[in-house]
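Structure first, commentary second.
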Amino acid sequence: QVQLVESGGGLVQAGASLRLSCALSASTLRQYTMGWFRQAPEKEREFVATINWNGSRTRYLDSVKGRFTISQEKVKNMVYLQMDSLKPEDTAVYYCAADIHQPWAAVTAAEDYDYWGQGTQVTVSS
């Protein structure tokens with residue numbers, strides 16, 4: 001079984017930075033693609049960033065390119081989302097997710113992910 005736990009959310013002013021963390025635990029060793037998604041009130045969940053198993057591929061939502069960076073520490077089973085120059089429109093619940101079927105791809109479709117965390121709230125004030 002795979003469990004994902006996000007942390008690092010909070011309330012910040014526009015222009016500030018936050019780093020979200022996702023701790024992954026698994027009862028069996030597997031390869032994963034990891035992703036970050038977000039969902040704002042009354043909006044659909046949207047893809048934010050993804051990184052494949054060995055870190056050779058990353059993809060980002062256009063509106064966060066140059067501001068957000070996804071990274072991972074395999075030894076610690078951690079995935080991070082560094083968010084800089086935050087804007088009010090980045091306000092959402094952020095979720096990390098794991099895709100065990102396409103570990104070498106950089107997967108952007110939420111329906112392709114197998115496991116999800118509980119989410120962490122990010123609020124950016126203007």
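What you are looking at is a predicted structure, and each value in this text was computed from that prediction instead of being measured. No hydrogens, no waters, no symmetry mates; every other heavy atom, side chains included, goes into these values. Along the sequence shown, residues carry numbers from 1.
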Handout entry: Gln3, CD: over 12 other non-hydrogen atoms inside 6.0 angstrom
Key = no
Practice task
Report whether Val12 and Trp36 are members of the same hydrophobic cluster (ILVMFWY, side-chain heavy atoms less than 4.5 Å apart, transitive linking).
Solution key: yes
Completion exercise
Shortest non-hydrogen pair, Gln118 vs Leu4, comes out as OE1-O, 3.6 Å
Exercise for the section: Find out if a path of hydrophobic residues (ILVMFWY) with successive side-chain heavy-atom gaps under 4.5 Å connects Ile51 to Phe68. Expected result: yes
Completion exercise
Separation between OG1 (Thr120) and OH (Tyr95), nearest 0.5 Å, reads 10.0 Å
Problem - Cluster overlap Trp53 with Met78, hydrophobic side-chain contacts below 4.5 Å - result: no
Problem - Pairwise distance CZ(Arg67) to OG(Ser85) - rounded to 0.5 angstrom - result: 7.0 Å
Completion exercise
Hits for side chain to side chain donor-acceptor pair (under 3.5 Å) against Gln39, two or more places apart or cross-chain, chain-then-number order -> none
Problem - Beyond-backbone contact of Arg57 with Trp104, side-chain heavy atoms, under 4.5 angstrom - result: no
Problem - Approximate separation, where rounding is to 0.5 Å, of Glu89 CD and Ser126 OG - result: 10.0 Å
Fill in the blank from the handout: ring pair (Phe, Tyr, Trp, His ring centres under 6.0 Å) pairs touching residues 107-126, sequence neighbours excluded, are Phe37-Tyr113, Phe37-Trp116
Problem - Those residues that, when tested against Ser7, pass side chain to side chain donor-acceptor pair (under 3.5 Å) (two or more places apart) - result: none
Handout entry: Beyond-backbone contact of Val122 with Arg38, side-chain heavy atoms, under 4.5 angstrom
Key = no
Handout entry: Heavy-atom side-chain proximity of Tyr32 to Val2 below 4.5 angstrom
Key = yes
Fill in the blank from the handout: Between the SG atom in Cys22 and the CD atom in Glu6, the distance rounded to the nearest 0.5 Å is 5.5 Å
Fill in the blank from the handout: When every non-hydrogen atom of Ser17 is compared with those of Asp84, the smallest separation belongs to OG-OD1, 2.7 Å
Exercise for the section: Please assess Val107 against Phe47 for the test side-chain contact (heavy atoms from CB on, under 4.5 Å), listing each intermediate value before the final yes or no. Expected result: CA-CA 9 Å; Val107 181; Phe47 160 78; over 6 Å; no
Exercise for the section: Considering only NZ, NE, NH1 and NH2 on the basic side and carboxylate oxygens on the acidic side, decide whether Asp90 and Lys87 come within less than 4.0 Å. Expected result: no
Practice task
Output, in order, the C-alpha distance, side-chain angles, deciding distance and verdict of side-chain hydrogen bond (donor to acceptor under 3.5 Å, both in side chains) for Asn52 and Thr33.
Solution key: CA-CA 4 Å; Asn52 71 342; Thr33 277; 5.9 Å; no
Practice task
Rounded to the nearest 0.5 Å, what's the gap from CG on Asn54 to CD on Gln72? Could you check?
Solution key: 8.0 Å
Problem - Side-chain (Thr50) to main-chain (Met34) donor-acceptor, under 3.5 angstrom - result: yes
Problem - Heavy atoms of other groups near Glu44 CD, more than 12 under 6.0 Å - result: no
Handout entry: Side-chain touch Tyr80/Ser21, heavy atoms, less than 4.5 angstrom
Key = yes
Handout entry: hydrophobic_cluster_shared for Leu11 and Leu86, side chain cutoff 4.5 Å
Key = no
Practice task
First locate atom OG1 of Thr91, then atom NZ of Lys43, and finally report the distance between them rounded to the nearest 0.5 Å.
Solution key: 10.0 Å
